[in-house]
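This report concerns only the one structure given below.
As the structure is a computational prediction, the values presented were derived from the model and not from experiment. Order of the sequence lines sets the chain letters (A, B, ...), proteins ahead of strands, with each chain counted from 1.
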Protein chains: 2
Amino acid sequence: MADDLFKALADPTRRTILDELTLKSGQTLFEICSRLSMKHQLGISRQGVSQHLAVLEAAGLVETRREGRYKFHDLNTAPLRRIADRWLAPDASRPEENTP
Amino acid sequence: MADDLFKALADPTRRTILDELTLKSGQTLFEICSRLSMKHQLGISRQGVSQHLAVLEAAGLVETRREGRYKFHDLNTAPLRRIADRWLAPDASRPEENTP
DNA sequence: TTGATAGGCAAGTGAAAACTTGCCTATCCT
DNA sequence: AGGATAGGCAAGTTTTCACTTGCCTATCAA
């Protein structure tokens, strides 16, 4: 659903995570945690970040692959590209009642 | 800020309002209210819709113009077009530490 | 000018969402 | 084997957000 996508993007911390995954893909949970703490001064617990990643994954924005004890997170920008299309009107200046 | 934009898009009712303004621009508050009620079976108060419109306007997605006692609402899709660009990586497979 | 229409302001309520704390499992290294 | 590392689950708390209720202002029409 589109519902999950917009909800995922609503939180600023999650958008920062997407920023970081854009800079470097395939990061682990701990790597993302340190970056949020170091670069962005976000005092957030590891579980907090983990929950954010789960939301992003549910929205299809992040894909994961497990290797041993590591879990790598990759960005998927495909859902983003479909956002604007929804409201790019064919012609919004004409009332829809006139189009059968 | 981008914060307002994503927050505005997070709510399904607000997205439906954008849908309706896409179909017909320049609607008044009452017109939007009836459409949400009739077409979408959304049992929401007039003030609820008014607050939603305020959020959309703060995000720059809706622009308003007053004429007498009427206030018309128009869609502005410009902010939408900039959304996907943020995470369209130049090259996400290369770590950023190597680029001074 | 009075009533009806269109909209606005502000406080209050209830539900959802972000975040924490505590414990538990799996993998790796020595 | 045992400690250390990477991650997960499941409460609980706090904050945010959607929505309502009640009243108030402005414009128009009779």
Side-chain angles (χ1 to χ4, degrees), chain A residues 1-21 24-38 40-59 61-74, chain B residues 1-21 24-38 40-59 61-74:
Chain A
M1 257 307 175
D3 214 69
D4 293 332
L5 174 60
F6 290 105
K7 190 160 291 183
L9 291 173
D11 187 84
T13 303
R14 283 195 287 270
R15 293 197 298 274
T16 305
I17 292 176
L18 293 181
D19 290 338
E20 287 301 318
L21 287 178
K24 179 172 179 238
S25 65
Q27 297 189 54
T28 66
L29 172 59
F30 274 88
E31 200 170 351
I32 296 171
C33 280
S34 1
R35 278 161 186 268
L36 291 180
S37 171
M38 300 285 100
H40 303 276
Q41 285 80 38
L42 288 177
I44 188 177
S45 69
R46 178 181 59 88
Q47 282 77 5
V49 178
S50 179
Q51 285 164 6
H52 279 309
L53 286 170
V55 173
L56 290 171
E57 191 171 6
L61 288 168
V62 161
E63 288 166 356
T64 59
R65 53 196 155 92
R66 241 230 146 94
E67 285 179 22
R69 60 176 158 174
Y70 298 105
K71 189 178 179 184
F72 299 107
H73 300 264
D74 297 293
Chain B
M1 258 308 177
D3 214 68
D4 294 330
L5 174 60
F6 290 105
K7 189 161 291 184
L9 291 172
D11 187 83
T13 302
R14 282 197 286 270
R15 293 196 297 273
T16 305
I17 292 177
L18 293 181
D19 289 338
E20 286 303 318
L21 287 178
K24 179 172 178 242
S25 66
Q27 297 189 53
T28 66
L29 172 60
F30 275 88
E31 198 170 352
I32 296 171
C33 280
S34 5
R35 279 162 186 267
L36 291 180
S37 171
M38 300 284 101
H40 302 277
Q41 285 80 38
L42 288 177
I44 188 177
S45 71
R46 177 182 59 87
Q47 283 76 3
V49 179
S50 179
Q51 286 166 5
H52 280 309
L53 286 170
V55 173
L56 289 171
E57 191 171 5
L61 289 167
V62 162
E63 287 166 356
T64 59
R65 53 197 156 90
R66 238 229 149 102
E67 285 179 22
R69 60 175 158 175
Y70 299 105
K71 188 179 181 185
F72 299 108
H73 300 264
D74 297 293

Heavy atoms under 4.0 Å, any strand shown: does Gly48(A) hit a base, just sugar-phosphate, or nothing?
base

Which nucleotide in the set dT20(D), dT20(C), dG8(D) lies at the smallest distance from any side-chain heavy atom of Ser45(A)?
dT20(C)

Looking at dG8(D), does its base get a donor-acceptor pair with the side chain of Arg46(A) below 3.5 Å?
yes

I'd like to know if the side chain of Asp74(A) and the backbone of Gly26(A) have a donor-acceptor N/O pair within less than 3.5 Å.
yes

Ignoring hydrogens and geometry beyond distance, is the side chain of Gln51(A) in donor-acceptor contact with the base of dT20(C) at under 3.5 Å?
yes

Check every atom of dG8(D), dC19(D), dC17(D) against the side chain of Lys7(B) and return the nucleotide holding the closest atom.
dC17(D)

Choosing from dC17(D), dA18(D), dT20(C), which nucleotide comes nearest the side chain of Arg14(B)?
dA18(D)

Leu29(A) side-chain proximity, nearest of dC19(D), dG7(C), dG8(D):
dG8(D)

Could you please spell out the steps behind the side chain to side chain donor-acceptor pair (under 3.5 Å) verdict for His40(B) and Glu20(B)?
CA-CA 10 Å; His40(B) 302 277; Glu20(B) 286 303 318; 2.8 Å; yes

Of Arg69(A) and Thr13(A), whose closest DNA chain C nucleotide lies nearer the 5' terminus?
Thr13(A)

Output for pair (Arg15(A) CZ, His52(A) NE2), nearest 0.5 Å, gives 11.0 Å

Closer to the 5' end of DNA chain C via nearest nucleotide, is it Arg66(A) or Val49(A)?
Val49(A)

Closest approach of Asp3(B) and Pro12(A), non-hydrogen atoms and distance?
OD1-CB, 3.7 Å

Can a donor-acceptor pair under 3.5 Å be found between the side-chain atoms of Gln47(B) and the base atoms of dG7(C)?
no

